[in-house]
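Counting from 1, the numbers follow the sequence of the chain as shown. Only this structure's heavy atoms are used, side chains among them; waters, hydrogens and symmetry mates stay out.
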Amino acid sequence: MEPPSPRTPNSSSHLDDLEERLRQDDIASWMRCFVVVTFDLDIGQTIEYQYPPGQLTQKEEAAVCFLSFPDSNSFNTRGDVTYTFRLRHDSNLPLNAASPLEQTYSYGFVFFR
């Protein structure tokens with residue numbers, strides 16, 4: 001008697017897994033991570049959630065926290081506020097030492113409630 005053959009994965013679930021990985025790859029080409037920042041009166045802005053975790057350096061996390069809290073003088077409306085910001089990636093170059101094309105940036109979108 002022959003030993004049982006190994007189970008082959010269900011082709012439909014295998015295709016679903018492949019499609020999910022492809023969607024994640026597509027998203028990764030333009031999205032670095034999602035971050036939820038909360039504000040506490042005692043400690044200030046903190047990252048509550050980051051997906052996928054570990055995508056930002058500590059310096060970048062601090063900058064995202066700072067940039068995610070709107071300047072009260074810039075917005076004269078009550079309620080929800082949305083805006084964007086640009087975050088320069090860690091670099092040993094001073095801001096004026098390299099052209100903007102040599103520097104790399106990430107862009108953030110803020111929904112503040």
Side-chain angles (χ1 to χ4, degrees):
M1 183 177 258
E2 292 182 33
S5 63
R7 283 183 56 183
T8 58
N10 181 341
S11 62
S12 65
S13 68
H14 180 68
L15 289 175
D16 292 342
D17 292 343
L18 179 60
E19 287 176 3
E20 180 63 26
R21 283 196 306 267
L22 290 174
R23 280 192 295 259
Q24 290 173 358
D25 290 344
D26 288 344
I27 291 172
S29 67
W30 62 269
M31 192 267 326
R32 190 169 172 195
C33 65
F34 287 96
V35 178
V36 176
V37 177
T38 57
F39 182 76
D40 184 291
L41 289 175
D42 296 328
I43 57 176
Q45 298 96 304
T46 58
I47 291 181
E48 180 180 332
Y49 181 77
Q50 183 182 158
Y51 180 82
Q55 294 297 308
L56 302 174
T57 65
Q58 285 185 331
K59 185 176 177 181
E60 290 170 332
E61 285 180 356
V64 166
C65 285
F66 177 76
L67 294 168
S68 295
F69 193 72
D71 178 5
S72 61
N73 294 326
S74 299
F75 301 99
N76 294 326
T77 61
R78 293 184 183 258
D80 299 340
V81 175
T82 59
Y83 61 95
T84 60
F85 63 84
R86 184 173 79 167
L87 175 67
R88 182 173 167 229
H89 289 235
D90 281 338
S91 173
N92 293 329
L93 298 171
L95 286 173
N96 60 357
S99 75
L101 296 175
E102 294 171 0
Q103 299 179 25
T104 56
Y105 297 92
S106 289
Y107 297 87
F109 177 81
V110 176
F111 174 77
F112 184 82
R113 174 168 279 176

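- Residue Q50 holds its CD atom at 4.5 Å from CG of L56, rounded to the nearest 0.5 Å.
- Atom CZ of R32 and atom CG of L87 lie 7.5 Å apart (nearest 0.5 Å).
- For the atom pair Q55 CD and S106 OG, the distance stands at 10.0 Å (nearest 0.5 Å).
- In this structure the side chain of D40 never reaches within 4.5 angstrom of the side chain of T46, judged on heavy atoms.
- With a 4.5 Å cut-off on side-chain heavy atoms, T84 and Y107 do not count as touching.
- Between the E61 side chain and the Q58 main chain, no donor and acceptor come within less than 3.5 Å of each other.
- Here the straight-line distance linking atom CZ of F109 with atom CE of M31 works out to 15.0 Å at 0.5 Å rounding.
- Within a 6.0 Å radius of CZ in F112, more than 12 heavy atoms belonging to other residues, nucleotides or ligands are found.
- Here the closest heavy-atom approach between residue D80 and residue F111 is recorded as OD2-CZ, 3.5 Å.
- Geometric assessment of R86 against the ring of Y105 yields a positive cation-pi assignment under the 6.0 Å and 45° thresholds.
- Between atom OG1 of residue T38 and atom CZ of residue F69 there is a gap of 11.0 Å, rounded to the nearest 0.5 Å.
- The minimum heavy-atom distance linking V110 with S68 is given by the pair CG1-O, 3.6 Å.
- The two residues C65 and I47 come nearest to each other via the heavy atoms SG-CG1, 3.5 Å.
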